[in-house]
Amino acid sequence: QVQLVESGGGSVQSGGSLRLSCAASGYTYCMGWFRQAPGKDREGVAVLGGDGSTKYADSVKGRFTISKDNAKNTLYLQMNSLKPEDTAMYYCAAEIRWLGYACVRFTEPDFGYWGQGTQVTVS
């Protein structure tokens, strides 16, 4: 079992920056960030593989950076040049199993562990 605790959300003006954190309580094979805006489906934002490989949604490429501090077992999402359309509840996700394919190919159903979410509002 893994528990995920997100932090770092808040309100920021367009063009601003925020850094989200996700502290994991145990081993994780794959981790990622997802978001859900009001009235919309949850979508993938970024995924980080154990080998350092990354995958980003087209809408955040060049603006967001996913990283992990293995010593702290904490996942980060640095968000720069924020836009109003980035407004959403952001969720950290993790999976402890290898599913037969690379972590960066994981999609939402592949992740078995989820945090409670942290709100990001861009005005």
Side-chain angles (χ1 to χ4, degrees):
Q1 293 288 334
V2 175
Q3 292 187 334
L4 305 172
V5 179
E6 302 108 328
S7 61
S11 296
V12 65
Q13 291 189 337
S14 183
S17 298
L18 284 174
R19 188 177 80 157
L20 305 183
S21 299
C22 172
S25 64
Y27 168 78
T28 57
Y29 169 70
C30 185
M31 296 187 77
W33 289 99
F34 290 76
R35 68 185 181 186
Q36 187 169 22
K40 295 187 177 181
D41 293 334
R42 189 155 57 184
E43 63 175 356
V45 176
V47 176
L48 175 67
D51 60 357
S53 56
T54 57
K55 181 180 179 180
Y56 294 93
D58 289 343
S59 59
V60 307
K61 283 180 181 177
R63 300 188 298 121
F64 290 10
T65 302
I66 189 171
S67 63
K68 187 180 180 188
D69 185 330
N70 288 321
K72 296 181 179 180
N73 210 17
T74 298
L75 183 74
Y76 300 101
L77 185 68
Q78 178 67 45
M79 305 185 294
N80 298 328
S81 302
L82 282 161
K83 305 175 181 180
E85 50 263 44
D86 294 317
T87 295
M89 184 71 78
Y90 283 70
Y91 297 91
C92 175
E95 178 51 49
I96 63 175
R97 304 168 299 157
W98 179 67
L99 300 180
Y101 42 88
C103 173
V104 292
R105 293 178 56 193
F106 279 31
T107 59
E108 183 179 348
D110 293 323
F111 289 91
Y113 301 90
W114 293 83
Q116 81 287 354
T118 186
Q119 178 68 38
V120 171
T121 302
V122 185
S123 60

Colleague: What distance do Leu77 atom CG and Ile66 atom CD1 have between them, rounded to the nearest 0.5 Å?
Modeller: 6.5 Å
Colleague: For residues Ala24 and Leu4, report the shortest heavy-atom separation together with the two atoms involved.
Modeller: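 Smallest heavy-atom distance, with atoms named: CB-CD2, 3.7 Å.
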Colleague: Looking only at non-hydrogen atoms, find the nearest pair between Val104 and Lys55 and report the distance.
Modeller: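 Heavy atoms only, the tightest pair is O-CD, 3.1 Å.
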Colleague: Locate the shortest heavy-atom distance separating Phe34 from Gly44; write the atom from each residue and the value.
Modeller: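 Reported closest heavy-atom pair: CD2-CA, 3.4 Å.
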Colleague: Indicate yes or no for a side-chain donor-acceptor contact from Glu95 to the backbone of Gly112 under 3.5 Å, with no hydrogens or angles considered.
Modeller: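 The answer is yes, because a donor-acceptor pair under 3.5 Å joins these two groups.
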Colleague: What are the two closest non-hydrogen atoms of Ser14 and Lys83, and how far apart are they?
Modeller: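 Of all heavy-atom pairs spanning Ser14 and Lys83, the closest is OG-CA, 4.3 Å.
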Colleague: How long is the gap from SG on Cys30 to CZ on Arg97, to the nearest 0.5 Å?
Modeller: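 The SG atom of Cys30 sits 11.5 Å away from the CZ atom of Arg97.
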Colleague: Mind checking the OH-SG spacing from Tyr113 to Cys22? Nearest 0.5 Å is all I need.
Modeller: 13.5 Å
Colleague: Show, in sequence, the C-alpha distance, side-chain angles and deciding distance for Met79 and Thr65, and conclude whether the side chain to side chain contact (heavy atoms under 4.5 Å, CB included) test is met.
Modeller: CA-CA 7 Å; Met79 305 185 294; Thr65 302; over 6 Å; no
Colleague: Mind checking the CZ-CH2 spacing from Phe64 to Trp33? Nearest 0.5 Å is all I need.
Modeller: 11.0 Å
Colleague: Phe106 vs Tyr29 aromatic rings, parallel, tilted or perpendicular, using cut-offs 30° and 60°?
Modeller: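 If you compare the ring of Phe106 with that of Tyr29, the planes turn out tilted.
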Colleague: Measuring from atom OG of Ser67 to atom CE of Met31, what distance do you get when rounded to the nearest 0.5 angstrom?
Modeller: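 Answer rounded to 0.5 Å: 11.0 Å.
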Colleague: Has Glu6 got a side-chain atom pairing as donor or acceptor with Cys92's backbone, closer than 3.5 angstrom?
Modeller: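 Looks like yes, one N/O pair under 3.5 Å.
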Colleague: List for me each residue that meets side chain to side chain contact (heavy atoms under 4.5 Å, CB included) alongside Thr74, sequence neighbours excluded, and say none if there are none.
Modeller: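 Scan of Thr74 (side chain to side chain contact (heavy atoms under 4.5 Å, CB included), adjacent residues dropped) gives Ser21, Ala23, Lys72, Tyr76.
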Colleague: Measure across Asn80 and Ser17 and return the closest heavy-atom pair with its distance rounded to 0.1 Å.
Modeller: OD1-OG, 2.9 Å
Colleague: Does the Thr121 side chain pair with the main chain of Thr87, one donor and one acceptor, at a distance under 3.5 Å?
Modeller: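 Answer holds: no.
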Colleague: Take a 6.0 Å sphere around CD of Glu85 and say whether it holds more than 12 heavy atoms from other residues, nucleotides or ligands.
Modeller: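 Yes - once you tally the heavy atoms of other residues, nucleotides and ligands closer than 6.0 Å, there are more than 12.
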Colleague: Do Val120 and Met89 touch side chain to side chain, with heavy atoms closer than 4.5 Å?
Modeller: no
Colleague: Give me each pair satisfying side chain to side chain donor-acceptor pair (under 3.5 Å) with a member in residues 39-50, each pair once, sequence neighbours excluded.
Modeller: Arg35-Glu43, Arg42-Glu108
Colleague: Answer yes or no: is there an ion pair linking Asp58 with Lys61, defined by an N-O contact shorter than 4.0 Å?
Modeller: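 Yes, charged N to carboxylate O under 4.0 Å.
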Colleague: So, taking the atom named CZ in Phe111 and the one named CD1 in Ile96, what distance separates them when rounded to the nearest 0.5 Å?
Modeller: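 Rounded to the nearest 0.5 Å, the CZ-CD1 separation comes out at 13.0 Å.
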